[in-house]
J.: 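Pasting in a structure now, in structure tokens, and then I'll have a few things to ask.
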Amino acid sequence: MRIGELARRVGVAPRLLRYYEEQGLLRPHRSPSGYREYAEGDVDVVHHVRTLLAAGLSTATIAELLPCMGADGPRLIASCPELLDDLQRERDRLTAMIDELSGARDGLDAVIATAVPDEVLATSAAPS
DNA sequence: CTTCTTACA
DNA sequence: TGTAAGAA
């Protein structure tokens, strides 16, 4: 199928599919006229890419990971566990980020909790 | 009509 | 990522 059909089937802009190719995530064949020819399996690949991207992985990491994915789900295939290290680091990175954000939220909560109601301010501003 | 590449906002 | 331009 050509880029238009794949884009329609996975719900993304053709532009994005060309971008994925630039990032080494997709390697469609070329028709003699130069059109990109995608295989059926690319539909799943794009879905995997989207899942991994949503998980916060870089396109570079995803490129390494893709060949280790089954066509079914975004599960790591048993035949290549050499990437577990990277994924574990990625997991740690996310944990660190979550901790930072939690701290930021606690700070915001503190400000919200100590907010003084308008009525109180109005009363103190115009004492009788 | 669809896709391609390249370049720019 | 979007869009524009010119060609296939």
Side-chain angles (χ1 to χ4, degrees):
Chain A
M1 74 193 92
R2 291 183 311 198
I3 199 170
E5 186 183 337
L6 178 59
R8 184 170 45 68
R9 294 220 287 181
V10 299
V12 305
R15 176 78 163 81
L16 190 58
L17 296 179
R18 298 195 185 97
Y19 177 67
Y20 285 169
E21 182 179 355
E22 255 182 43
Q23 302 305 298
L25 273 27
L26 246 30
R27 342 212 41 126
H29 289 172
R30 293 296 182 128
S31 69
S33 53
Y35 288 4
R36 272 167 264 250
E37 284 294 340
Y38 296 92
E40 282 302 312
D42 288 333
V43 172
D44 295 304
V45 173
V46 174
H47 284 151
H48 290 160
V49 169
R50 304 189 87 199
T51 299
L52 268 10
L53 240 25
L57 298 182
S58 67
T59 54
T61 300
I62 296 176
E64 295 181 0
L65 222 57
L66 283 180
C68 291
M69 307 268 267
D72 46 325
R75 300 183 50 71
L76 210 52
I77 217 166
S79 60
C80 43
E82 65 271 1
L83 292 161
L84 257 35
D85 254 50
D86 283 44
L87 293 182
Q88 186 54 244
R89 290 189 180 189
E90 196 54 42
R91 211 201 110 89
D92 291 342
R93 190 175 65 74
L94 289 179
T95 298
M97 265 182 214
I98 290 172
D99 289 345
E100 276 189 43
L101 289 174
S102 291
R105 183 182 56 186
D106 289 345
L108 195 53
D109 281 344
V111 173
I112 293 172
T114 57
V116 180
D118 286 359
E119 311 80 67
V120 177
L121 291 178
T123 302
S124 59
S128 51

J.: Looking at R93(A), I want to see if its CZ is surrounded by more than 12 non-hydrogen atoms of other residues, nucleotides or ligands under 6.0 Å.
T.: yes
J.: Atom CG of L17(A) to atom C1' of dT2(B): distance rounded to whole Å?
T.: 14 Å
J.: A side-chain contact here means heavy atoms from C-beta on lying under 4.5 Å apart; do R91(A) and Q88(A) qualify?
T.: yes
J.: How close do L57(A) and L53(A) get, counting heavy atoms only, and between which atoms?
T.: O-CD1, 3.6 Å
J.: For A55(A) and L94(A), work out which heavy atoms get closest and say how close.
T.: O-CD1, 3.8 Å
J.: Got a sec, which residues hit salt bridge (charged side-chain N to carboxylate O under 4.0 Å, His left out) with E40(A), two or more places apart in sequence or on another chain?
T.: R9(A)
J.: Walk along nucleotides 3-9 of chain B from 5' to 3' and tag each nucleotide B, S or - by protein heavy-atom contact under 4.0 Å, base first, then sugar-phosphate.
T.: BSB----
J.: Which atoms form the tightest heavy-atom contact between I3(A) and Y38(A), and what is the distance?
T.: CA-CE1, 3.6 Å
J.: For Watson-Crick and G-U wobble pairs within 3.5 Å on both distances, what is DNA chain B written in dot-bracket notation, | included for inter-strand pairing?
T.: .|||||||.
J.: Does L52(A) belong to the same Ile/Leu/Val/Met/Phe/Trp/Tyr cluster as V12(A), with side-chain heavy atoms less than 4.5 Å apart forming each link?
T.: yes
J.: Find the distance between CD (Q23(A)) and CD (E21(A)) and round it off to the nearest 0.5 Å.
T.: 10.5 Å
